Q: 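First the structure, which I've put down as structure tokens, then a few questions once you've had a look.
Treat the numbers as computed from the prediction; the structure is a model and nothing was measured. Chain letters run A, B, ... following the sequence lines, proteins first and then strands; every chain starts at 1.
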Amino acid sequence: MEGPSPKHKLVEIKKRSKSNPEKEHSSKSRGGEEPMVQTSKFLSRRLPLSTSTPTNPTSKFLPPFLSQTGTQTQTPSSSPLPPTPSFASILQQIKHQRPLQQAHALLITSALANNVFLSNRLINSYSSLGLLPIAHHIFHQMPLKNVVSWTILISGLSKNGLFTEALEVFCQMKDSGVAPNAVTFVSVLPACAHLGMIRIGKSIHGLLIRWGIEINVYVETSLVDLYAKCGSLGVARRLFDQMSERNVVSWNAIISGYSENGLGEEALNLYKRMQSNGFVPDFVTIMSLLLACSGLGRLQIGKMVHGFMIKCAFENDELVVTALMDMYVKCECIEDGYQVFCMKLVKDVVAWTLMISSFSEVGYGNKAMELFHEMIAEGDVKLDSVSLIAVLSSCARLGALQQGRRVHGLTKKIGFEDDVFVGSALIDMYANCGSLENARSVFDGMAQKDVVCWNAMIAANGMNGCGADAVGLFFQMKDLGLNPDAATYVSVLCACSHAGLVDQGICIFYSMVDELDSDVIPNLQHYACVVDLLGRAGRLNDACSLLNSMPLQPDTGVYGALLGACRNHENINLGLEISEKLFELDPQDAGYYVLLANMYAVAGNWEGVKTTRVFLRSKGLKKAPGFSSIEIDREVYAFMAGDRDHPQYDDIDKFLKALITKIEAAGYVPDTKFVFQDVADDVKRDLLYHHSEKLAIAFGLLRTQPGMAVRITKNLRMCNDCHTASKFISSAAGREIVIKDANRFHYFRDGVCSCKDYW
DNA sequence: TTAGGGTTAG
């Protein structure tokens, strides 16, 4: 039974016992585990079930079971009995499966097989090694279980990430009639916190109060962490402010709560308070501060934390160093992040994943893939679902189908075939590499599909020009009883927009606005999609009315969609008006200025072009240059417009000239309207011929086998003239040309594009 | 009791 001693004493004893293994045995006695009554706080020479001395000095240096010889005396069994106190502490110290199983076997054959205290220790040891099925088995075999048995199992499950199972065991415990204590609550609350299950968390909080469980700093910290992790920062903060006693962990819980919820400023402010209250930050504090800097993009403070890390010798802590890498890359200092990564002594899967996804996000896809192969070559890095998702996402961005297929093979090989997260990433990878069939076969083969999988498949159809199928999937999903979320609506509306399914898109949008079968409240992205849908269809007036009547303040996404439509439909006056709004909302985005300059160019207003460009330069803004990339033999080659750096440039140029001559004979007329520079016509034509799309197509035709499709990825929207030229090239060369641009796929076959020129 | 990396949309 639970001893009546105050909890803080237990904490104190535990702390002491950690630093002195000899006291280990007495420390736990307060929890009521041992079959003896404790009389002294720290010293117990009265040993349960054995009169042996607690520690044999040589035993530390021997394998656990060899050190037992002759240490037991008075035992009521003839079997080889372990002397309980030493045995119990040894059980706790075993760090490997084999010796633990040997000890387990020894226990089973002894008279102590049913000893609750030893069985609890055994469960704890198996849990620590992650061997939960064995821990569970022992637990179920126990004829008598006490509160500690239940608590150890709950805690073991929770610490091994089996949060749902931990909650289930907690419920079973309640039903079994064993009353949980404070430690039980401290074990189960983190499970709720990790699952983000605020409702269950609240009811457990209620139980805690109703049953009069003693509140200590551990319980309160767990509650603060629960509410903070579930995003209820107000409640977390109130509980934190009301705490009568706080420790570093309590401060960390609230600070990391703010950091993780994107409230970095508040996290930094609280840290100042923590310092002024005399608390010394530990590695978790440092990690939370770095996370706050990452979220805020506050490089200067991040660097200060880095300095502090060096001063306090945290720079060798693997977890902290990964957080430091994250800070640098999120503050757009990928080189510094990479440098920290390279200096890292132990590169685990998390560090590799962070670096791979960072390079991929900033557009260095080849570097990301190179790192992935390096990681595999290391041999001892254990891939997990997150790392696979990161590399699949990199393949998706690159449009690297061959490499993506290899990664798919790898996911099967290492047993991640049934992971819904990996499945969604695979669908996305195939969709972004222009292989809708493969995306569909992954989708169809999935044993379980969540909303994200459906969203990915809907988006896959949308971007590959199968809008009607995307709409079909949307309704099929609803028929199956799955609730579409905000992202589902974005995917399906976007699919309608690209396919020109205006009426269907509007119907779906208004079913959401009118709350018919949907609990999703339309957000800015949804409005942007519908403005885009109307704008693409040339219904600029309707798009404007929607924009003016929407209940939310339009953002750059909504205005940007309308500006795109103004560009497509050459409505300069409206374009000018919208540009003004965009410059106000986001004066730092060069893209809008370039779009306006290009609109002026299309209208032949070269004065307007000049003014806009001068203005852009005066503000020191630069837009990311357009480039087209192509994967050949698992290598990705990128081309910029007029790029003469390629080693095979002369061959490409020669081939391209012949190709242009051929398609001109077939009726292609270069459209110099899409040259946004005021130069002579022949120069315009030359500029047009050397657009990145055309260079990549020529290179692809040269380097791939006849009959093979040429697959290209462009980072921006495809140029109109290149679109026309691609149609002609597809018939002249007798090849399928697949171009993925910033918006969608274009499949050029026999002189026709899958987008039916609606884009 | 606190703890680093990821998927769908734009």
Side-chain angles (χ1 to χ4, degrees), chain A residues 11 155 158 182-183 185-187 189-190 193-194 216-226 228-229 246-257 259-260 282-288 290-291 294 317-327 329 348-358 360-361 384-394 396 419-429 431-432 450-460 462-463 485-495 497 523-526 528-529 532 555-558 560-561 564 742-743:
Chain A
V11 175
S155 163
S158 184
V183 185
F185 279 92
V186 170
S187 303
L189 284 170
H194 281 284
N216 58 30
V217 67
Y218 284 71
V219 174
E220 286 183 310
T221 302
S222 303
L223 285 169
V224 169
D225 183 53
L226 165 78
K229 276 217 175 66
R246 296 186 194 108
N247 58 23
V248 184
V249 180
S250 327
W251 283 97
N252 288 347
I254 191 74
I255 292 175
S256 73
S259 301
E260 277 178 17
D282 68 358
F283 73 100
V284 180
T285 326
I286 303 293
M287 283 166 70
S288 304
L290 288 169
L291 184 64
S294 298
D317 186 304
E318 295 308 320
L319 269 75
V320 183
V321 174
T322 311
L324 181 69
M325 281 168 56
D326 184 63
M327 184 279 291
V329 300
D348 64 4
V349 70
V350 177
W352 282 103
T353 304
L354 174 62
M355 231 41 253
I356 290 168
S357 52
S358 304
S360 166
E361 270 165 34
D384 60 8
S385 61
V386 182
S387 56
L388 290 168
I389 290 163
V391 73
L392 285 169
S393 167
S394 171
D419 185 300
V420 280
F421 284 73
V422 175
S424 303
L426 278 167
I427 294 170
D428 181 53
M429 180 276 290
N432 275 287
D450 65 1
V451 179
V452 180
C453 299
W454 282 86
N455 294 354
M457 199 59 228
I458 291 171
M463 72 175 91
D485 64 9
T488 319
Y489 281 97
V490 174
S491 302
V492 73
L493 289 172
C494 185
S497 175
N523 62 26
L524 285 166
Q525 275 185 317
H526 301 126
C529 286
D532 185 63
D555 66 348
T556 52
V558 181
N743 296 318

Q: Select base, sugar-phosphate, or nothing to describe what A/Asn247 touches, counting heavy atoms under 4.0 Å on all strands.
A: base
Q: Can you check whether any acceptor in the base of B/dG4 is under 3.5 Å from a donor in the side chain of A/Asp348, or vice versa?
A: yes
Q: Would you indicate what A/Leu354 reaches in the nucleic acid, counting non-hydrogen atoms under 4.0 angstrom: base, sugar-phosphate, or nothing?
A: sugar-phosphate
Q: Using a 4.0 Å heavy-atom cut-off, does A/Ala459 contact any base of the nucleic acid, only the sugar-phosphate backbone, or nothing at all?
A: sugar-phosphate
Q: From B/dT1, B/dT2, B/dT8, pick the nucleotide closest to the side chain of A/Ala456?
A: B/dT8
Q: Could you give the CH2-to-C1' distance, from A/Trp352 to B/dG4, as a whole number of Å?
A: 16 Å
Q: If you look at every strand shown and take non-hydrogen atoms under 4.0 Å, does A/Ser385 touch a base, only sugar-phosphate, or nothing?
A: base
Q: When all nucleic acid strands are considered with a 4.0 Å heavy-atom cut-off, which category describes A/Val451: base, sugar-phosphate, or nothing?
A: nothing
Q: Which nucleotide wins on minimum distance to the side chain of A/His194, given the candidates B/dG5, B/dT2, B/dT1?
A: B/dT2
Q: To the side chain of A/Asn252, which of B/dG4, B/dT2, B/dG5 is closest?
A: B/dT2
Q: Return the stacking result for B/dG6 and A/Phe421: yes when the ring centres lie under 5.5 Å apart and the planes under 30°, no otherwise.
A: yes
Q: Going from CE on A/Met287 to CG on A/Leu319, what distance comes out if it is rounded to the nearest 0.5 angstrom?
A: 4.5 Å
Q: For A/Val452, which contact category applies under a 4.0 Å heavy-atom criterion: base, sugar-phosphate, or nothing?
A: base
Q: Name the nucleic acid region contacted by A/Val350, choosing base, sugar-phosphate or nothing; use a 4.0 angstrom heavy-atom cut-off, strictly under.
A: base
Q: When rounded to the nearest 0.5 angstrom, what is the spacing between OG1 in A/Thr285 and CG in A/Asn252?
A: 3.5 Å
Q: Kindly point out which of B/dA3, B/dA9, B/dG5 is positioned nearest to the side chain of A/Ser491?
A: B/dA9
Q: Which part of the nucleic acid, if any, lies within contact of A/Met463, taking any heavy atom under 4.0 Å across all strands shown: a base, the sugar-phosphate backbone alone, or nothing?
A: sugar-phosphate
Q: Holding to side-chain hydrogen bond (donor to acceptor under 3.5 Å, both in side chains), I want the full list of residues that pass it with A/Thr221, two or more places apart in sequence or in another chain.
A: A/Ser250
Q: Can you figure out which of B/dT7, B/dG5, B/dT2 approaches the side chain of A/Ala425 most closely?
A: B/dT7
Q: Quick one: OG on A/Ser491 to CE on A/Met457, what's the gap to the nearest 0.5 Å?
A: 11.5 Å
Q: Determine the sole option in A/Val490, A/Asp428, A/Thr488 for which the side chain to side chain contact (heavy atoms under 4.5 Å, CB included) test with A/Asn455 is passed.
A: A/Thr488
Q: To the nearest Å, how far apart are A/Leu290 CG and B/dG5 C1'?
A: 15 Å
Q: Scan A/Phe283 against the nucleic acid and name what it touches under 4.0 Å (heavy atoms): base, sugar-phosphate only, or nothing.
A: base
Q: When you get a sec, tell me which of B/dA9, B/dG6, B/dT1 is the closest nucleotide to the side chain of A/Glu361?
A: B/dG6
Q: Do any N or O atoms from the side chain of A/Ser393 and from the backbone of A/Ile389 form a donor-acceptor pair under 3.5 angstrom?
A: no
Q: Looking at the base of B/dG5, is there any donor atom on it, or on the side chain of A/Asp384, that sits under 3.5 Å from an acceptor on the other one?
A: yes
Q: Below 4.0 angstrom from OP1 or OP2 of B/dA3, is there any side-chain N or O of A/Lys229?
A: yes
Q: Looking across every strand, which nucleic acid part, if any, lies under 4.0 Å from A/Ser358 by heavy atom: base, sugar-phosphate, or nothing?
A: nothing
Q: Does any N or O donor sit under 3.5 Å from an N or O acceptor when you compare the side chain of A/Thr221 with the base of B/dT1?
A: yes
